[in-house]
Amino acid sequence: MQRIRILAGDCCASLAKEFGFADGNAIYQAPENQDFKKSHRNMHVLTTNQVLCIPDKKVKREPLKLEQYNRFVVKGVITEFIVSIGDFAGSALANHDYELQVNGIKHSGKLDGAGKLKVKIDATARTGELIVYLDKERKNNLFWTLEFGALQDVVDIAGIQARLNNLGYVCRNEDGDLDDSTKAAISRFKLVNGLAANDRVDGALVSKLNDVYGF
């Protein structure tokens with residue numbers, strides 16, 4: 001067993017590929033990580049600098065036929081990129097064309113009726129670019145530079161800031177500093193979502209943010 005310290009951009013899927021496992025669950029569900037799992041409800045959202053155990057790999061033996069070809073298929077580790085896109089008024093951008101570029105591979109299609117995009121990507125991808133077209137002529141669009149695995153846990157200030165920014169409640173920074181812009185964004189988010197309109201980081205904020213954002 002090996003212990004590692006989580007770096008920015010890590011998730012269990014990317015670590016599985018790095019350490020030779022077929023799936024991120026081989027790490028996340030390992031008995032050595034049960035305490036870690038309790039504090040990280042989503043294996044794709046890990047907290048930077050936390051310690052994670054990499055279990056020992058189990059040797060799998062397969063019988064081979066002599067004087068014949070034996071075929072083995074090595075599966076690449078992939079993960080899903082899921083995002084919901086809305087306009088500035090909060091309405092879903094349903095059925096709009098999109099283009100997603102990840103590791104030199106272009107994915108294109110339409111957002112679903114709820115403005116959601118779901119695409120399988122390489123688990124080790126760190127960055128990408130997303131364009132959503134606002135008209136059929138593709139003259140107007142929204143563009144994002146993406147950082148996969150960069151989102152911190154919702155209980156961390158930096159994770160709260162990132163989620164608020166993505167939801168349109170602008171925080172000046174995502175550095176974990178509870179500054180005035182973050183407090184103002186928290187107060188606005190609470191007011192809109194039926195909570196007591198204060199700027200405190202409390203259980204009500206974390207729970208509602210987790211519900212609204214999805215994780």
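All values derive from a computational prediction rather than experimental measurement.
A donor-acceptor contact shorter than 3.5 Å is absent between the side chain of S207 and the backbone of A204. N198 places a side-chain N or O within donor-acceptor distance of the main-chain N or O of R200, the cut-off being under 3.5 Å. Not one N or O on the side chain of N25 forms a donor-acceptor pair closer than 3.5 Å with the backbone of Q29.
Through direct or relayed side-chain contacts under 4.5 Å between Ile, Leu, Val, Met, Phe, Trp and Tyr, M43 connects to Y28.
For N33, there are no side chain to side chain donor-acceptor pair (under 3.5 Å) partners at least two apart in sequence or on another chain. Listed by chain and number, the residues in a salt bridge (charged side-chain N to carboxylate O under 4.0 Å, His left out) with E62 are K60 (sequence neighbours excluded). For D202, the salt bridge (charged side-chain N to carboxylate O under 4.0 Å, His left out) criterion is met by K190, not counting sequence neighbours. By the ring-ring contact (aromatic ring centres under 6.0 Å, His included) test, Y169 is found to be paired with F189, residues two or more places apart in sequence or in another chain being considered. With sequence neighbours excluded, no residue forms a side chain to side chain donor-acceptor pair (under 3.5 Å) with K118. When the side chain to side chain donor-acceptor pair (under 3.5 Å) test is applied to N42, no partner is found at least two apart in sequence or on another chain. Looking at residues two or more places apart in sequence or on another chain, you find no side chain to side chain donor-acceptor pair (under 3.5 Å) involving K208. Shown here are the salt bridge (charged side-chain N to carboxylate O under 4.0 Å, His left out) partners of K106, two or more places apart in sequence or in another chain: E99.
No donor-acceptor contact under 3.5 angstrom links the side chains of T145 and E129, judged on distance only. A side-chain donor from one of T48 and Q152 sits under 3.5 Å from a side-chain acceptor of the other.
Under the ring pair (Phe, Tyr, Trp, His ring centres under 6.0 Å) criterion, no residue pair touches residues 90-124, with sequence neighbours excluded. A salt bridge (Lys or Arg N to Asp or Glu O under 4.0 Å) check over residues 140-149, counting only residues at least two apart or in different chains, returns nothing. Residues in residues 152-177 take part in no salt bridge (Lys or Arg N to Asp or Glu O under 4.0 Å) pair, two or more places apart or across chains.
In this structure the side chain of K116 never reaches within 4.5 angstrom of the side chain of L93, judged on heavy atoms.
Using the six-membered ring where Trp is involved, F215 and Y213 have ring planes that are perpendicular, over 60° apart on the 30 and 60° scheme.
Partner F36 forms a side chain to side chain contact (heavy atoms under 4.5 Å, CB included) with one of L46, T47, V51 and no other, that one being L46.
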